[in-house]
Amino acid sequence: MNLLIAGFAVFIMLAGVGVVGFTYYSTNVVLPDEITPPQATTLYAFDNKTPIAKVGDQNRTLVTIDQIPQWVQDAVAAAEDRNFYRHSGVDYKGITRAAWNNLSGGDKQGASTITQQYARNAYDNLKDDTYGRKVKEAILASKLNDKFTKPQIMQHYLNVIYFGRGAYGIEAAAQTYFGKSVSALKPDEGAVLAALIKQPEPSSTHQGYDPAINPTAAQDRWNYVIEGMVKEGWLGVAGKPERPVAYPKNIKAPKKGGIGVDFGVDTPYGNVINYVREEMRDKGICVDKETQVTDAKPLCSQALMAGGYRIRTTIDTKIQKAAVETAQRKTKGSELSDQPANLMAAVVGIDPTNGRVLAYYGGDNGTGTDYAGKNTDSTGAISGGHSPGSSFKIYTLAAALKAGKALESRWKGKAFTPEGTKFKVSNAGVDNPSCGNSCTLRVSTLKSLNVPFYYVTEEIGADKVVDMAKQAGVTTMWRTDTNPAKAYDLTKADPKDITPEPFFNVVGYGQYPITVLDHANGVATFANGGVHNKAHFLYSVEKQNPNTGKWDKVATEKLDSKRRIDKDVVADVTSVLKDYPAAVNHRLDDGRKAASKTGTWELKGDSSDNGDAWMIGYTPQLATAVWVGNVGARKPLILKDKRKVSGGNLPGDIWERFMDEALQGKEKVDFPAAANIGDPDSGNGEAATPPPPPPGGLPGQPNQPGGLPCDPLTNPFCPRTDGNNGGNNGGNNPNDPGRPGNGGNGGGLLPGLPPSNRD
């Protein structure tokens, strides 16, 4: 039967106008310019030169024939079809020779031309290996030969053919085997790639021609290609390159990663890929429903994998490197490298002037948990937030100032039980702080006191605090009395509808979880004087024209800068926060001015251990949020030296180091002066009644000019004289930033637990 089929195939090939002509003109052929092979998408850093990720079903980048050196084209012809420039798409002599060899019991031969091979690789219905397929393949090849020039056919062929190691097309092959573009290939390198085409990967009968797997056969095949080029006059003659004298030694070893189909997915850049996909959908580049799909708008689930986009991100490789080297556990010398295995960190750095995310570290793999952003589980539940603790007080303070309160307004600070509740509001477990019931908002912020911020929230309304966070850039907040915690989209919800239920007055001191990305975006709004820019990762998107090879812009960055917070409000908030780096011993290098705030939250409601710790801060050029918590299950956050993790130690170390490295070489920029807005008499606290100084004063007292006594009621950094130091606020006390003490522990509440009194 095989002999009969083979004989019939030869007859069809040679029969002439009758059968072939009818089939030729009756076959509906989709021509190459109407189909685009799937291409990988490459993501670049902001410099638009450094690839940070490449993803796709097939690792392919289209090139035009003018980008492919002539000697590379000739090497492919020498390897696969030496009559390519002479035949009409089908090599009838080759078919006859191959058929006779098959009939006489020799090795099975295909005798397919480059044009036929292109047809087979381009059309799904030509994948089977039968004589019937060869008939249709030959017909298609003839029609293609009439439609396109030889260079066009060579271009189409070299863009679809497989070269092994996951590389489809000549450009991906050049990058995979030599780490360079096809346009930079030398004749000897082009011959290596041409030699691969016959069998790039091992099979059950042959080990293929990958030099890393079968070096002897690979070099023999390379010699065959070189000899063919010489024989055809494509090498070693006038006007052509010299014949290579040795097999190339610069072939890259196969490895996982590099510029390949999944390069970057299993690195910290993997999470950037996820955000880029979301922003492409938001910009209308792709769609979620099949009914909405058009030629210009593919499904978002497939856009990156097959769209062949060139995407310029906002990531600054220098600043990203600083984030990873500072916070990544497996990086030797990082702040987490020798800490207990349950500790995890996340870092996000944003340019306040435009919202560009310059650095993003939320984990080591784009397919795992993103500790800096949102995650969706199999049930559709959204998770990812961490209780910000006292770091959230920047929004409460701003809301208070907006409502007419002043930094010097005084508030009650002693612990109490709010009417109608069963929980006590305290200051990191301290019932009576040094300022008693006469705590200014400035002092309350610097000492991270909870009670005054509860009173402030109760008086102005929890909705005002939530709205301030929303205006700054916090998009999502989780309630903590459900299991799992339920996420609320602040961009769609009216704060009045979600306060005081489910977000009660404890929102004022940071009980409810938010993401690191959102917190960094909120901080960036303060760094930019109250003008908000939405945090984003996408700068531009280009798509290649398959016919011309040119890259057309699909989308570009469009900023929507809006003033969300009054500049005087921000100036007063910053005037407090700029004292914080020195207070917690995290000053930036060379006297650079910065504003910051720590925050911790308890492990669970009845525990003195910490579960979340933060350091947030900014300069006018960079806003950063740092979180430290757990990998997986919540456990007490304990350093290797047995101290509790608090905002002032490990998160502060990460923040300071990252900011110093990221800002190195940049101009030092100061903040605007305080505006001193609001009514100093607007609080519910007692008026200050400092005792008169004794005659002559007391020389040598700390923090007090002119030898006057240090008054803890007016100066938050003064020691107590009554034997009660008021606790150290979970590591946030400027007097003792490193020692965690007996309060202010931090961490997110487990669902169902009552509001916390922790910092």
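Predicted, not measured: the structure shown is a model, and the values here were computed from it.
For the pair Tyr269 and Thr313, the minimum side-chain heavy-atom distance is 4.5 Å or more. Contact check for Ile65 versus Gln73: side-chain heavy atoms found under the 4.5 Å cut-off. Using a 4.5 Å heavy-atom threshold, the side chains of Leu299 and Glu290 count as touching. Considering only heavy atoms from C-beta on, Thr113 stays 4.5 Å or farther from Asn83 through its side chain. With a 4.5 Å cut-off on side-chain heavy atoms, Thr326 and Val347 do not count as touching. Side-chain contact check for Ser383 versus Asp377: every heavy-atom pair is 4.5 Å or farther apart. You'll find the side chain of Glu189 reaches within 4.5 Å of the side chain of Asn250, heavy atoms only. Taking 4.5 Å as the limit, some side-chain heavy atom of Asn145 sits within range of a side-chain heavy atom of Ile153.
In summary, the side chains of Asp288 and Gln292 do not present any donor paired with an acceptor at a separation below 3.5 Å, with no hydrogens or angles considered. Between Glu171 and Ser181, the side chains place a donor N or O and an acceptor N or O closer than 3.5 Å (distance only, hydrogens not considered). Tyr361 and Gln328 share no donor-acceptor pair across their side chains, judged by distance under 3.5 Å alone. A donor and an acceptor atom, one from each side chain of Gln116 and Asp81, are nowhere located under 3.5 Å apart. Inspection of the Thr64 and Gln67 side chains reveals an N or O donor paired with an N or O acceptor under 3.5 Å.
If you take NE2 on His536 and NZ on Lys283, they are separated by 7.5 Å, rounding to the nearest 0.5 Å. Separation of atoms CG (Leu43) and CD1 (Ile52) is listed at 5.5 Å; rounding is to 0.5 Å. The line from CD1 of Ile226 to CG of Asp188 is 7.0 Å long, rounded to the nearest 0.5 Å. Between Gln320 atom CD and Phe46 atom CZ the span is 15.0 Å, to the nearest 0.5 Å. From Phe163, atom CZ reaches atom CD1 of Ile170 across 3.5 Å, with rounding to the nearest 0.5 Å. Once rounded to the nearest 0.5 Å, the distance linking CG of Leu196 with OH of Tyr177 reads 4.5 Å.
By the salt bridge (charged side-chain N to carboxylate O under 4.0 Å, His left out) test, Glu201 is found to be paired with no residue, residues two or more places apart in sequence or in another chain being considered.
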Asp266 and Thr367: CA distance, side-chain angles, deciding distance, side-chain contact (heavy atoms from CB on, under 4.5 Å) verdict: CA-CA 7 Å; Asp266 59 351; Thr367 61; over 6 Å; no
Verdict with supporting geometry, Asn342 and Val631, side-chain contact (heavy atoms from CB on, under 4.5 Å): CA-CA 5 Å; Asn342 67 301; Val631 175; 5.7 Å; no
Working for side-chain contact (heavy atoms from CB on, under 4.5 Å), residues Asp220 and Tyr209: CA-CA 9 Å; Asp220 288 344; Tyr209 298 101; over 6 Å; no
side-chain contact (heavy atoms from CB on, under 4.5 Å) assessment of Ile311 paired with Met280: CA-CA 10 Å; Ile311 296 174; Met280 290 178 67; 3.8 Å; yes
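A side chain to side chain contact (heavy atoms under 4.5 Å, CB included) with Asp370 holds for exactly one of Asn271, Asn365, Asn274; it is Asn271. When each of Gln39, Arg310, Lys550 is paired with Gln544, the side chain to side chain contact (heavy atoms under 4.5 Å, CB included) condition holds for Gln39 and for no other.
The main-chain N or O of Tyr309 is found under 3.5 Å from a side-chain atom of Thr41 such that the two form a donor-acceptor pair. Remark: side-chain polar atoms of Lys543 are paired, donor with acceptor, to backbone N or O of Gly307 under 3.5 angstrom. With hydrogens and angles ignored, the 3.5 Å screen pairs a side-chain donor or acceptor of Asn214 with a backbone N or O of Gly208. Under the 3.5 Å distance criterion, the side-chain polar atoms of Thr314 are matched with a main-chain donor or acceptor of Val357. A donor-acceptor pair is defined here as one N or O able to donate and one able to accept, closer than 3.5 Å; such a pair exists between the side chain of Tyr162 and the backbone of Gly166. Arg60 places a side-chain N or O within donor-acceptor distance of the main-chain N or O of Val160, the cut-off being under 3.5 Å. Side-chain atoms of Arg329 never come within 3.5 Å of backbone atoms of Ser337 as a donor-acceptor pair (strictly under, hydrogens ignored). Under the 3.5 Å distance criterion, the side-chain polar atoms of Trp234 are left unmatched by any main-chain donor or acceptor of Gln70. The closest donor-acceptor contact from the side chain of Thr267 to the backbone of Gly264 lies under 3.5 Å. Side-chain atoms of Asp316 never come within 3.5 Å of backbone atoms of Ala359 as a donor-acceptor pair (strictly under, hydrogens ignored).
More than 12 heavy atoms of other residues, nucleotides or ligands shown are found within 6.0 angstrom of NZ on Lys240. Atom NZ of Lys150 has more than 12 heavy atoms from other residues, nucleotides or ligands within 6.0 Å. More than 12 heavy-atom neighbours from other residues, nucleotides or ligands sit within 6.0 angstrom of NZ on Lys180.
Residues Ala79 and Tyr224 come closest through the heavy atom pair O-CE2, 4.0 Å. Considering every non-hydrogen atom in both Ala191 and Val225, the closest pair reads CB-CG1, 4.0 Å. Here the shortest heavy-atom pairing between Ala45 and Thr317 reads CB-CG2, 3.4 Å.
Between Phe84 and His87, the ring-plane angle classifies as perpendicular under the 30° and 60° cut-offs. Under the 30°/60° scheme for interplanar angles, the aromatic rings of Tyr275 and Phe537 are found to lie parallel.
A salt bridge links Glu232 to Arg86: at least one charged side-chain nitrogen sits closer than 4.0 Å to a carboxylate oxygen. Comment: Arg221 engages Glu80 in a salt bridge, judged by a side-chain N to carboxylate O separation of less than 4.0 angstrom.
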